[in-house]
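A quick write-up on the structure given underneath.
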Amino acid sequence: MQKISEYSNEIKLLLYGIFIYLEMDVGIVKVLFYLMVMDTFLGIIKTIVLNNAFSFKKLALGFVSKLAVLLIPTALALMSIGLNYNFKWFVTIVMDLLIVSDGISIISNIIAIKTKKEVENFDAMTLILKSVRNRLIQLFKRLLITIDPKYHIEK
């Protein structure tokens, strides 16, 4: 852990370099990251208030899965560069949806803390992931048709 803190500026520089290379808005990435941290913090408070079982393993897995969400727009941006296709608008939309999803989760956590009752959380993240996957499959099928017009899409 100490080694990570020693190289924190270098890690930040590397991440900024990646986001700039991928033409991703660093400000939006920061906002999403801060929302993820807030959501995780409020989730911990909610767990304590509702007397649910707390474990550092669950906390670590939750935080790592939230950080993995940042790989979605990063992968889209890399695909955009690799295919020489402009996905910037799609990357921005996905980032915006992820921000809204985390905002909804934060609000749900605040309501649960205030009422001391579990709030049914809308699983926006799964819907976003499925939507992104479906859009990419549609794009891939269109590319196949462009390459070979005889290609028939079967449902």
Side-chain angles (χ1 to χ4, degrees), residues 11 14-47 49-50 52-115 117-155:
I11 293 170
L14 174 68
L15 290 174
Y16 283 150
I18 290 170
F19 293 134
I20 289 169
Y21 172 73
L22 296 175
E23 298 178 4
M24 293 171 68
D25 187 346
V26 175
I28 292 175
V29 174
K30 277 184 178 180
V31 167
L32 181 57
F33 178 76
Y34 294 144
L35 286 170
M36 289 176 172
V37 170
M38 284 175 55
D39 186 36
T40 302
F41 178 72
L42 288 169
I44 292 169
I45 293 172
K46 179 183 89 170
T47 299
V49 167
L50 298 179
N52 293 340
F54 177 81
S55 74
F56 284 103
K57 181 180 179 182
K58 187 176 178 182
L59 172 67
L61 287 173
F63 196 69
V64 167
S65 72
K66 283 196 168 289
L67 287 178
V69 166
L70 286 174
L71 293 176
I72 297 166
T74 306
L76 290 172
L78 279 170
M79 287 170 41
S80 174
I81 290 170
L83 295 172
N84 199 21
Y85 193 78
N86 187 359
F87 277 177
K88 188 173 181 175
W89 59 273
F90 193 52
V91 173
T92 303
I93 289 172
V94 169
M95 293 288 284
D96 293 345
L97 290 172
L98 293 173
I99 286 171
V100 170
S101 175
D102 264 309
I104 291 169
S105 183
I106 288 169
I107 292 167
S108 297
N109 284 336
I110 291 170
I111 292 169
I113 292 167
K114 186 167 173 61
T115 62
K117 294 178 184 173
E118 191 69 52
V119 175
E120 185 179 339
N121 206 352
F122 174 69
D123 190 10
M125 192 61 63
T126 302
L127 291 175
I128 291 168
L129 292 174
K130 285 181 180 178
S131 176
V132 167
R133 179 182 174 276
N134 291 338
R135 297 288 178 199
L136 290 173
I137 288 171
Q138 288 174 358
L139 174 68
F140 184 68
K141 287 179 179 179
R142 281 194 302 241
L143 286 172
L144 286 176
I145 290 171
T146 304
I147 294 168
D148 184 6
K150 296 177 184 174
Y151 177 77
H152 297 291
I153 301 172
E154 295 180 23
K155 293 184 179 183

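Here the OG1 atom belonging to T115 is positioned 11.5 Å from the CD1 atom belonging to I110, to the nearest 0.5 angstrom. Taking OG1 of T92 as the reference point, atom CG of L97 lies at 11.0 Å (rounded to 0.5 Å).
Here salt bridge (charged side-chain N to carboxylate O under 4.0 Å, His left out) pairs that include residues 72-91, with residues two or more places apart or in two chains, number zero. For residues 89-98, no residue pair satisfies the salt bridge (charged side-chain N to carboxylate O under 4.0 Å, His left out) rule, not counting sequence neighbours. A salt bridge (charged side-chain N to carboxylate O under 4.0 Å, His left out) check over residues 69-79, counting only residues at least two apart or in different chains, returns nothing.
In terms of heavy atoms, I111 sits closest to V119 at CG2-CG2, 3.5 Å. The shortest heavy-atom contact between K46 and I113 is CA-CG1, 3.7 Å.
For F56, the ring pair (Phe, Tyr, Trp, His ring centres under 6.0 Å) partners at least two apart in sequence or on another chain are F54.
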N/O donor to acceptor pairs below 3.5 angstrom from side-chain atoms of residues 34-44, sequence neighbours left out:
unit_1, atom_1, unit_2, atom_2, d
D39, OD1, S105, OG, 2.8
D39, OD1, N109, ND2, 2.8
D39, OD2, K66, NZ, 2.6
D39, OD2, S105, OG, 3.0
T40, OG1, M36, O, 2.9

Distance-only donor-acceptor pairs under 3.5 Å for side chains of residues 70-82, two or more places apart:
unit_1, atom_1, unit_2, atom_2, d
T74, OG1, L70, O, 2.8
S80, OG, Y85, O, 2.3
S80, OG, F87, N, 3.0

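Taking 4.5 Å as the limit, some side-chain heavy atom of V29 sits within range of a side-chain heavy atom of M24. Put simply, the side chain of E118 reaches to within 4.5 Å of the side chain of N52, judged on heavy atoms.
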Worked verdict on L139 versus R142 for side chain to side chain contact (heavy atoms under 4.5 Å, CB included)
CA-CA 5 Å; L139 174 68; R142 281 194 302 241; 3.9 Å; yes
